[in-house]
Each structure stands twice: as structure tokens, then as C-alpha cells.
Amino acid sequence: MAHRHSVDEYLETIYFLAFPIGEYAPQGSRTPTLAARVAEMLGVSRASAGEMLKRLEREGLVRRGQHKEALLTRKGRARAEKVVRKHRLIERLLTDFMGYTAAEAHVHADEIGESFSDDMIERVAKKLGNPERCPHGWPVDPQVEQAENEELKPLAALDEGSKATIVRLAEHDGELLHWFYDQGFEPGRKLQMTAADPAAGSFRVKLDGREETLAEKAAAGLFVRPS
């Protein structure tokens, strides 16, 4: 049976699009509609995404902007930030205490997130020692994340010869996330852009003494801090 996405999962997705960086930022003048972008990230039909956006609007969690885009209301943003923090703490619980890989933890955190009450999440945070980041490098505190966005850029935006440290990994695409870990693209790793051809969607970097080629999607999903 296919996983049915909840209101909270939709809010989490809209949250990423509300504070865009790299893979989550609009791409060029032919940017797809919000419903299309949400549908792509959640793997659902545009019709399903559109219906959920209407529901979120009725519930006062999103509103329509000047160009008919969906914007988080104050109520919606507060709930979305709460969902994001919960997700990241559950990921740490799964990796630190239950032995799941970082890539596996993301999938399971989505599946079990709603079963954790607010009190349970605070107990998890305390038990974990109030970690600052999830396994993929995203700050547990959304406010810290939003401020840090100004310091980071996607790997695809680096110039040839530039050096950087990986800080975060885009996590909405499970296959891409597994690929990052399989190839050694993990938070804290240092790399250097050796060749960049944005027009062809191809990038080459040096990582741990070896050369690795990345497609545009992967290069846009690695968020780095330039050296």
C-alpha cells in the first residue's frame, strides 16, 4: 500500500520551499507551480497536491500570495517549524540509538513522526543531549537553519577551483540521499570544484583524493560552506 502523506508532511515540504536554497529554490523563468513542486517532492499527483493545498488554505495554514502562490501563515509557519524540528530529532533517535543509517532514518522519521507527542519529543531531545543537527546536517532549530541559509550555497554555484565543506544534504529524494552517502558526500567532508559546466548540468569535484562527477540535481542538493 502506498504511503498516504499527512498534513504535516505537506507543511514540511512547503516549509522547504518557503526558505529556498539550492535544490529547493526556484529554477529559472519556467518555475513550476507550487502544486507541481510539492507533488514532485512528495511523489504524488498534481491533483492530490492541489487538493491538499486547498485544505491547508481552508484551515488557515497557508494563504495565497500576489501570484497565487501558497505562503505559510503565522499559524502555518509555527506548525511547520514544529514538524521540522520533530522530524530531525526522530532521525537522530533512529541513528544514535537504533542503529539505522542516516538515509534510512529519513524515511522512517516520516512514517512514525505523527505517533510522537510533544512531550515525547522533548524527552527525546533531552535524552539525546539536545543535538544541534540532524544526521544530514540540518539544524534541529529551524531559526538557526534560516539564518544559516545566508552562509551556504549549493555545490552547483561554486566556481572552478573553489574549496568548500559540506554542511547539509537535500533529503526529500531518498534515492539521491542514499547516493550521497554511498559516494562519501557527507556533512563535514571537504571538497574542491575541479570542473563546472552548468549548461551541460555536469560538475566534477575532488573528494578524499578522488575525482567524482555529479549531475545538476546532485550538485544542487549539496549545501556547502565555501572555504
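Note that these values count all heavy atoms, side chains included, but never hydrogens, waters or copies made by symmetry.
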Assess, by modelled atom type and distance only, whether the side chains of Glu111 and His108 contain a donor and an acceptor separated by less than 3.5 Å.
yes

Is Lys54 salt-bridged to Glu57, going by a charged N under 4.0 Å from an acidic O?
no

Please check if Tyr100 and Met120 belong to a single hydrophobic cluster, counting links between Ile, Leu, Val, Met, Phe, Trp and Tyr side chain heavy atoms closer than 4.5 Å.
yes

Would you mind checking if Glu59 and Lys75 are paired as a salt bridge, meaning a charged N to carboxylate O distance below 4.0 Å?
no

Whether Thr194 side chain and Arg204 backbone form a donor-acceptor pair below 3.5 Å
yes

Closest heavy-atom contact between Ala49 and Ala35?
CB-O, 3.5 Å

Give the minimum heavy-atom separation between Pro131 and Leu89, together with the two atoms involved.
CG-CD2, 3.9 Å

Considering all heavy atoms of both residues, which atom of Pro187 and which atom of Val167 are nearest to each other, and what is their separation?
CB-O, 3.6 Å

Path from Phe97 to Ile112 over hydrophobic side-chain contacts below 4.5 Å
yes

Apply side-chain contact (heavy atoms from CB on, under 4.5 Å) to residues Phe180 and Asp173 and explain how you reach the verdict.
CA-CA 11 Å; Phe180 283 147; Asp173 184 325; over 6 Å; no

Heavy-atom count check: over 12 atoms from other residues, nucleotides or ligands less than 6.0 Å from Glu211 CD?
yes

Checking Glu212 against Phe185 for the side-chain contact (heavy atoms from CB on, under 4.5 Å) test, could you report, in this order, the C-alpha distance in whole Å, the side-chain angles of both residues, the deciding distance, and whether it holds?
CA-CA 10 Å; Glu212 186 74 53; Phe185 290 101; 3.6 Å; yes

Crowding at CD, Glu151 (>12 non-hydrogen neighbours, <6.0 Å)
yes

Taking atom CZ of Arg225 as the centre, report whether more than 12 heavy atoms of other residues, nucleotides or ligands fall under 6.0 Å from it.
yes

If we only count heavy atoms from C-beta on, is the Tyr10 to Val44 side-chain gap below 4.5 Å?
yes

Got a second to check how far Arg92's CZ is from Lys127's NZ, nearest 0.5 Å?
14.5 Å

Nearest-0.5 Å distance that lies between atom CD in Gln192 and atom NZ in Lys163
5.0 Å

Counting heavy atoms not belonging to Glu150, are there more than 12 under 6.0 Å from its CD?
no

Salt-bridge present (Lys82, Asp8; N to O < 4.0 Å)
no

Side chain Thr73, main chain Leu61, donor-acceptor under 3.5 Å:
yes

Quick check for you: to the nearest 0.5 Å, what is the distance between His178 atom NE2 and Asp182 atom CG?
7.0 Å

Tell me if a side-chain donor or acceptor on Trp138 pairs with a main-chain N or O of Leu169 at a distance below 3.5 Å.
yes

Checking Arg85, Arg168, Arg133, Arg88 against Glu145 for side-chain hydrogen bond (donor to acceptor under 3.5 Å, both in side chains), the one that qualifies is Arg88

Is Glu104 close to Leu94 at the side-chain level, that is, under 4.5 Å between some pair of heavy atoms?
no

Are Val7 and Arg55 packed together at the side-chain level, in the sense that at least one heavy-atom pair is separated by less than 4.5 angstrom?
yes

Working to the nearest 0.5 angstrom, can you tell me the gap between Arg123 CZ and Leu93 CG?
14.0 Å

What's the shortest heavy-atom distance between Asp110 and Glu12, and which atoms?
OD1-OE1, 3.7 Å

For a quick test of reading the model, state the closest non-hydrogen atom pair linking Pro226 to Ala164 and the distance between them.
CA-CB, 3.8 Å

Check the angle between the aromatic planes of His136 and Tyr181 and answer parallel, tilted or perpendicular using the 30° and 60° thresholds.
tilted

Would you indicate whether the side-chain heavy atoms of Ile90 and Val124 approach each other to under 4.5 Å?
no

Is it possible for you to say whether Leu207 and Leu177 belong to one hydrophobic cluster, with membership spreading through side-chain heavy-atom contacts below 4.5 Å?
yes

Just how far is it from atom CG of Asp197 to atom CZ of Phe203, taken to the nearest 0.5 Å?
7.5 Å

Just do the side-chain contact (heavy atoms from CB on, under 4.5 Å) check on Leu155 and Met193 with the steps written out, would you?
CA-CA 8 Å; Leu155 178 66; Met193 178 72 77; 4.0 Å; yes

Taking everything shown except Arg74 itself, do over 12 heavy atoms lie less than 6.0 Å from its CZ?
no

Linking I/L/V/M/F/W/Y whenever any side-chain heavy atoms sit under 4.5 Å apart, do Ile166 and Val205 land together?
yes

Quick check: His106 with His87 (ring centres under 6.0 Å apart)?
yes

Before giving the answer on side-chain contact (heavy atoms from CB on, under 4.5 Å), spell out for Lys153 and Val224 the whole-Å C-alpha distance, their side-chain angles and the decisive distance to 0.1 Å.
CA-CA 6 Å; Lys153 61 172 56 179; Val224 304; 4.3 Å; yes

Could you tell me the separation between the CD atom of Gln183 and the OG1 atom of Thr213, rounded to the nearest 0.5 Å?
10.5 Å

Same cluster or not: Leu11 versus Leu42, using hydrophobic residues (I, L, V, M, F, W, Y) connected whenever any side-chain heavy atoms lie under 4.5 Å apart?
yes

Decide yes or no on salt bridge (charged side-chain N to carboxylate O under 4.0 Å, His left out) for Arg77 and Glu81, but give the supporting numbers first.
CA-CA 6 Å; Arg77 177 171 173 173; Glu81 290 180 347; 3.0 Å; yes

Over all heavy atoms of both residues, which pair between Leu72 and Ala80 is shortest? Give the atoms and the distance, please.
CD1-CB, 4.2 Å

